[in-house]
Amino acid sequence: MTQVEEPGVVAEHVVKDLISGFGIAVPRGATARAAEGVAAAASGLTPPLVVKAYGPGLVHKSDAGAVRLGLGSPVEAARAAAEIRAAPAGSEIAIEGYLVEEQAAPGVEVIVGAVRDPSFGPVVLVGLGGVWTEVLHDTALRLCPITEDDAREMLSELRGAALLDGLRGSPAVDRDALVKVLLAVGGPGGVAESLDFREFELNPVICTPEGAVAVDARLLRGAPATAHARLPRPAPATVEARPPRQAPAAVDADLAYPAPAAVEARPARRVPAEQAGRPRPEATPQDFARLFAPRGVAVVGASTKRPNFGNMFLGFYRAAGYAGRLVAVHPTADEIDGVPCVPSLDGAGVDYALVAVPAERCPDVVREARGVPFVQVMSGGFRETGAAGLEEDLIAAARAAGVRLLGPNCMGVYSPAGGQTFIGGRPGPLGRIALVSQSGGLAGEVVRVGERRGLAFSKVATVGNSADVGPAELLRYLAADDDTSVIGLYLEDPRDGRALFEALRTVSKPVVALVGGRSAQGHRAAASHTGAMVGDARIWTALGRQAGLPLVTAQDDLIGALDLLDLHAGRDVPASPDVLVIGPSGGAGVLAADALDRAGLRLAPLPDVDLGLPVGAVPGNPLEIPVGPRGRPDLVGQVVTAIQRAARRPYPDVVTHVNVQSFFTFGDSADPLLAYAHAVGELQRGLTGTRVTLVLRNAEYAPPGIEDELRAIARAAGVPTYRSIEAAATAVAAAKVRDQRRECV
Ligand code: ADP
Ligand code: MG
């Protein structure tokens, strides 16, 4: 057995003293420096007893043969301690003393732990199965601080939650006691917020009908290995009773294996969230108005000889008809591509500069940008490629010049009203959808493909590595922006995940996020992109739940969700998972039911009254009715109106689908289908508390141009359209996450 020196491990009995100050029950126990002292130390304890050795590097005690259970008396406990010392493994480990404690009654073993994520800060976890937790992967996670509701929700999320309720005749455990432990660890002012730690774990907490006892406690300090971790060994072999229960104390370097008497109570202190030493957004919120509507723009990096990115951006501004002052920065040229040049950003007299020069030169360029409020570095070759030092230089340069930095490793800003563009071509229509994206390319796709489908954007910012300006700060700005009603996020590594979490909790407008790099393989791809560190899909899932943030998994779904949220932004529908699906064809209805189920939506039954359904209708939800070239276009509207009137709780969402192909099988007139789209629009116009969504199945079967026409008709009535039930279900589910949140806030 080789023992790894794990710096920062705090001895179990010290951790137990600390946590009992937070109200967590631990077994009664005492420590002794030598095996010979164990009997005396245990004299006040009630058998059965447990003996465990402690010492530096002794982390997984059972593996090292350093735990003995079921000891009948103090003398037996002392003998067990001597055996631990004498065992082959014991001779190789540095035993500093023994913890003897009362053995808790058997029960359901649960793990309660916390880690400090470098981006998101403290996160609390509960898992079932004690030693089996890692194998079973049955855990639930939340960002700290958690509420009591969070704690209860975490427990019910566990796949094996039934174990807590008592199986096969065994009584239910005291859930409230376990909830208390979770709150003591992850709640406001709990262990995770108050102590300085890298990892913290109670494994196991033994849960019985009588309560929840933490029989093991492990804490790794947050700081990297320091000289403190190898403190001189304490004097040998004196028996010491455990100190009295302490007030919550901050663990610091000095607490690694102290003599128990050296543990001092300290007031709990909140550990700041910016663990990675990144700057927090300024106390006064940044006004980004000039970023999205600059009175002047400078492009750095355009060439007089070989056209490059800089020249491309000059071309974009010209093509977009930018009306402000446009200059190129060049040391010698008078003009480039017809754009006047200035020799430096210093004194360029612009609100925004776009920098497209090789990475090594960027810090110098930014240092000269004094007086330019916003500088966007589009160049790559910083942290995302491992050049973290160069990125630090860039940040320092921005600070020295007093400018706010966007990027590096991104594209630009797009704002049809403010003349900003990075996409090429004429600016799209003025709209109310905002987007913050850590990928410039993806933002361009979402905007252009979205506009092709009829979406319209207010403000789009690409932030790449987010070295200075990050998604959180822009989100707060856009949340207060009068021109924006819906916000989309594409994230890989938000840098300050905690700030983003806190911002998300305050935003009442609809927000939807696409997070890249959530899978192990995707993570690698992201690591070579913006240097993303978003490995932990489960933190995002937890954040989604806690902040009421819908998470989609594909670019197309981001566009689809933004479209629905935007078109239905003004509609106040009750929070409920219910959806009514209506359309032709049994098979499509069956598949629709499966798709809705996967999206977490509910097909609540139809009201039990005579709905006057037409011939050929098959009642139920999904409701099958004859929609086709020979059917009455207003049939869907009539039936839905009747159902909504009869239902005690009207459906908040109606998804109506149609098979486009069936309209063109016997002829090529699009009129019946266009009439149907108009009728769906009329239906929406007559319903205030219901969102109508139209699915144009097999739309590619329509003659050229017809799909666009159908979409435009629906859109004019505020109805979003999709090509598949799956896409519609994803968008509806995203809206429901926000409905739910609105209800909770
Ligand atoms: P480690 O996890 O370092 O191997 P533990 O302190 O968790 O060591 O002890 C190993 C196992 O022994 C625990 O998972 C638990 O099942 C049991 N155990 C330890 N201490 C007690 C105790 N005081 N009461 C009841 N069972 C205990
Ligand atoms: Mg353990």
Side-chain angles (χ1 to χ4, degrees), residues 1-6 8-20 24-32 38 41-42 44-74 76-77 80-81 83-84 87 89-90 92-115 125-136 139 163 173-174 177-178 181 185 197 199-220 242 257:
M1 170 87 215
T2 50
Q3 283 295 321
V4 188
E5 269 290 296
E6 274 208 59
V9 182
V10 180
E12 178 178 338
H13 61 280
V14 178
V15 185
K16 282 179 169 168
D17 281 334
L18 288 171
I19 63 171
S20 59
I24 297 172
V26 299
R28 276 179 5 110
T31 55
V38 167
L45 304 177
T46 311
L49 301 174
V50 176
V51 166
K52 310 177 190 184
Y54 62 84
L58 198 42
V59 182
H60 302 286
K61 300 176 295 288
S62 304
D63 295 351
V67 180
R68 297 295 161 100
L69 302 167
L71 309 167
S73 67
E76 230 183 276
E83 281 168 20
I84 291 174
E92 283 176 37
I93 56 180
I95 294 176
E96 287 196 339
Y98 300 88
L99 167 62
V100 55
E101 62 182 14
E102 293 177 354
Q103 182 166 323
V108 180
E109 297 204 351
V110 168
I111 177 173
V112 176
V115 292
L125 169 145
V126 65
L128 264 183
V131 291
W132 301 112
T133 306
E134 276 170 58
V135 185
L136 298 175
T139 56
L163 283 177
V173 309
D174 183 350
L178 183 53
V181 174
V185 173
F197 71 98
E199 282 173 45
F200 170 78
E201 186 176 88
L202 306 176
N203 186 13
V205 173
I206 299 184
C207 302
T208 62
E210 283 71 46
V213 186
V215 303
D216 187 16
R218 178 180 161 203
L219 187 140
L220 293 177
R242 277 167 75 176
Y257 293 98

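Because only heavy atoms are used, hydrogens play no part in the values below, and waters and symmetry mates are left out as well, while side chains stay in. Start at 1 and go down the list; that is how both ligands and their atoms are numbered. A quick note: this is a predicted structure, and the numbers were derived from the prediction, not measured.
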Any donor-acceptor pair under 3.5 Å linking the side chain of Glu102 with the backbone of Thr46? yes
Hey, does His60 come in under 3.5 Å of ligand 1, counting only N/O atoms on both sides? no
Enumerate the protein N/O/S atoms at a distance below 2.8 Å from the Mg ion (ligand 2), ignoring waters. Asn203 O, Asp216 OD2
Which is closest to atom 12 (O) of ligand 1 in terms of heavy atoms, Leu99, Leu69, Ile111? Leu69
Could you check whether any heavy atom of Arg218 sits closer than 4.0 Å to an atom of ligand 1, since that is the contact criterion I want to use? no
Could you tell me whether Val215 approaches ligand 1 through its side chain, its backbone, both or neither, with non-hydrogen atoms closer than 4.0 Å? both
I want to check something: taking the side chain as every heavy atom from C-beta on, are Leu128 and Val108 in contact at a cut-off of under 4.5 Å? yes
Have a look at ligand 1 and work out which part of Glu101, if any, has a heavy atom under 4.0 Å from it: side chain, backbone, both or neither. side chain
Could you check whether any side-chain N or O of Gln103 sits under 3.5 Å from a backbone N or O of Gly70, counting only pairs where one atom can act as donor and the other as acceptor? yes
Within a strict 4.5 Å, meaning less than it, do heavy atoms of the Val110 and Leu178 side chains meet? yes
Under 4.0 Å from ligand 1, counting heavy atoms only, is it the side chain of Lys52, its backbone, both or neither? side chain
Counting heavy atoms under 4.0 Å, the part of Val59 that contacts ligand 1 is backbone
Any side-chain heavy atom of Ile111 within less than 4.5 Å of one from Leu202? no
Can you see which heavy atom on Val15 is nearest to which on Ala217, and at what distance? CG1-CB, 3.7 Å
Checking heavy atoms under 4.0 Å, the part of Val213 that sits near ligand 1 is neither
Under 3.5 Å: donor-acceptor pair, side chain of Arg218, backbone of Val10: no
Given Gly107, Gly65, Ala104, Ala214, identify the one with the heavy atom nearest to atom 25 (C) of ligand 1. Ala104
Ligand 1 to Asp216, heavy atom cutoff 4.0 Å, flagged ligand atoms 1 (P), 2 (O), 3 (O), 5 (P), 6 (O), 7 (O), 8 (O)
Test item: Leu125 and Val112 side chains (from C-beta on) under 4.5 Å apart, heavy atoms: no
Any Lys61 side-chain heavy atom under 4.5 Å of Glu12 side chain: yes
Return yes when Leu58 approaches ligand 1 closer than 4.0 angstrom through a heavy atom, no otherwise. no
Can Glu101 and Lys52 be counted as an ion pair, charged N to O under 4.0 angstrom? yes
Check: Lys16 side chain, Pro27 main-chain N or O, donor-acceptor pair, under 3.5 Å: no
